[in-house]
Asks: 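Before anything else, here's the structure in question.
Only heavy atoms go into these numbers, but all of them, side chains included; no hydrogens, no water, no symmetry mates. Quick caveat, the model's predicted, so the values are computed rather than measured.
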Amino acid sequence: MSFAIAEDDLSGSDVRALLEEHFAGMLANSPKDSCHFLDVEGLKGPGVTFWTIRENGVLAGMGAMKQHDAGLGEIKSMRTAQPFLRRGVAAAMLAHIVAEARARGLSRLSLETGSGAAFEPAIALYRAHGFVDCAPFADYRPDPFSRFMTLEL
C-alpha cells in the first residue's frame, strides 16, 4: 500500500464529508456533553495541525494533533474512510502523529476517546502502539463516557 500523508486546510469536499461522518459517529456513540471532538473551526485553530492520508489521491483517512504546551500534544479527529478500514490507514496516521510529536520535542502525547464498544478498535490500536490509560489531562474532567490514554515520548 502506498499512502501519502500531508497537512490539509480542510477545504476539500471529501475532507468535509469525512469530518461530518466522524462527528455523527461520535454523537451516535456518546452523549453530546461527553463528545470532545473539534469542529472545523476548532481544527483550524491555533496549535492544531490537521493531516489527511490518501491513496492514489483518494481520501483514506485523517488525523490531527493539538499542541497544548511545550510538552503535551493531543491526538484529535482520527478517522478512517469506510472503504479503507483494516488496511493500515489508522496505524500509518498514528505513526505519523507520534513522529511529528517527537520531532517537535514533546514529552507526552495523549488522547481522549469514548469508552463504549464502538471505541474498542481505536483503543486496541492505541494500546498496540504503546498508549496506556491515564487520568484526564488538559481541561478534561472525569467522565464515564471518556477514556484517556497517553504515550510518554
Asks: At their closest point, which heavy atom of Ala70 faces which heavy atom of Leu106, and how far apart are they?
Replies: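 Looks like O-CD2, 3.3 Å.
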
Asks: Can you list everything that forms a salt bridge (charged side-chain N to carboxylate O under 4.0 Å, His left out) with Lys66? Sequence neighbours excluded, please.
Replies: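 Counting only residues at least two positions away or on another chain, Lys66 forms no salt bridge (charged side-chain N to carboxylate O under 4.0 Å, His left out).
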
Asks: Identify whether the distance between the nearest side-chain nitrogen and carboxylate oxygen of Glu112 and Arg147 falls below 4.0 Å.
Replies: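 No, this pair does not count.
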
Asks: Decide whether Glu74 and Ser110 meet the rule of one side-chain donor and one side-chain acceptor closer than 3.5 Å.
Replies: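 No - no donor-acceptor pair under 3.5 Å links their side chains.
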
Asks: Roughly how far, to the nearest 0.5 Å, is NZ of Lys76 from CG of Leu111?
Replies: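 Spacing of CG (Leu111) from NZ (Lys76) equals 9.5 Å.
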
Asks: Using 30° and 60° as the class boundaries, would you call the ring planes of Phe37 and His22 parallel, tilted or perpendicular?
Replies: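 Correct class here is perpendicular.
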
Asks: Taking atom CG of Leu10 and atom CG of Leu43, what is their separation to the nearest 0.5 Å?
Replies: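 Interatomic distance, Leu10 CG to Leu43 CG, rounded to 0.5 Å: 5.5 Å.
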
Asks: Does Arg108 use its side chain to pair, donor to acceptor, with the backbone of Leu151 at less than 3.5 Å?
Replies: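 Not confirmed, Arg108 side chain does not pair with Leu151 backbone.
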
Asks: When rounded to the nearest 0.5 angstrom, what is the spacing between CE in Met149 and CZ in Arg127?
Replies: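 Going from the CE atom of Met149 to the CZ atom of Arg127 covers 4.0 Å.
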
Asks: Could you tell me the separation between the CG atom of Asp143 and the NE2 atom of His36, rounded to the nearest 0.5 Å?
Replies: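 That separation rounds to 5.0 Å.
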
Asks: Does Asp8 pair with Lys44 as a salt bridge, N-O distance under 4.0 Å?
Replies: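 Judged by the 4.0 Å cut-off on N to carboxylate O distance, Asp8 and Lys44 do not form a salt bridge.
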
Asks: Using a strict cut-off of less than 4.0 Å between a Lys/Arg side-chain nitrogen and an Asp/Glu carboxylate oxygen, indicate whether Arg102 and Glu100 qualify as a salt bridge.
Replies: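 Here Arg102 does not pair with Glu100 in a salt bridge, since their nearest N and O are not under 4.0 Å apart.
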
Asks: Whether the Arg104 and Thr49 side chains hold a donor-acceptor pair (N or O, under 3.5 Å, no angle test) is what I'd like checked.
Replies: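 Side chains of Arg104 and Thr49: pair found under 3.5 Å.
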
Asks: Closest approach of Met93 and Gly63, non-hydrogen atoms and distance?
Replies: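 The answer is CE-N, 3.8 Å.
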
Asks: Write out all pairs satisfying ring-ring contact (aromatic ring centres under 6.0 Å, His included) with one or both partners inside residues 43-94, taking only residues at least two apart or from two chains.
Replies: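 Found Trp51-His96.
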
Asks: Not counting sequence neighbours, which residues clear salt bridge (charged side-chain N to carboxylate O under 4.0 Å, His left out) with Asp39? List them please.
Replies: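 Here no residue qualifies.
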
Asks: Which atoms form the tightest heavy-atom contact between Leu125 and Ala90, and what is the distance?
Replies: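 That would be CD2-CB, 3.6 Å.
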
Asks: Could you tell me whether the side chain of Glu20 reaches within less than 4.5 Å of the side chain of Val15, counting heavy atoms only?
Replies: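 Contact flag for Val15/Glu20 side chains = no.
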
